[in-house]
Amino acid sequence: GIPKLVSYDHDLSDFHYQIPFEEWENYTYEQLGVEKTGYDCAVWLKEYCEEKGVSHPTFIVHSMNPVGKERILKLLNM
């Protein structure tokens with residue numbers, strides 16, 4: 001089933017803290033590494049909900065990573 005509430009965090013490991021947040025926009029995904037993030041989770045759940053014809057659950061983004069947080073919000077508020 002689908003959860004009623006999802007709380008997304010962007011950085012799921014300390015790998016993402018090796019580059020300052022302010023510089024993330026200057027890097028490609030490949031340069032930042034292959035670690036999965038909360039954004040990857042949001043993409044998966046959004047696509048899953050679309051395939052099943054159900055609404056994405058209510059969500060919050062509690063990430064301290066401002067760039068990552070904005071990416072998740074843009075994806076899910078489209």
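Inter-residue side-chain proximity for V61 and S7 is flagged as unmet; no heavy-atom pair is nearer than 4.5 Å. When side chains are defined from C-beta on, C41 does not count as touching V6, because their heavy atoms never get closer than 4.5 Å. Looking only at side-chain heavy atoms (C-beta outward), Y39 and D11 stay at 4.5 Å or farther from each other.
Partners of K52 by side chain to side chain contact (heavy atoms under 4.5 Å, CB included), not counting sequence neighbours, listed by chain and number: Y48, V54.
Counting all heavy atoms, side chain and backbone alike, P3 lies closest to P57 at O-CB, 3.0 Å.
At distances below 3.5 Å, not a single donor-acceptor pair connects side-chain atoms of N77 with backbone N or O atoms of K74. Side chain of K46 to backbone of L75: a donor-acceptor contact under 3.5 angstrom is found. Remark: side-chain polar atoms of H56 are not paired, donor with acceptor, to backbone N or O of L76 under 3.5 angstrom.
Put simply, I72 and I2 are part of the same group of oily side chains (I, L, V, M, F, W, Y) that touch within less than 4.5 Å, one to the next.
Residue Y8 holds its OH atom at 11.0 Å from OG1 of T37, rounded to the nearest 0.5 Å. A distance of 8.5 Å separates CG in D9 from CG in N65, rounded to the nearest 0.5 Å. Taken to the nearest 0.5 Å, the CZ atom of R71 stands 7.5 Å off from the CG atom of D40.
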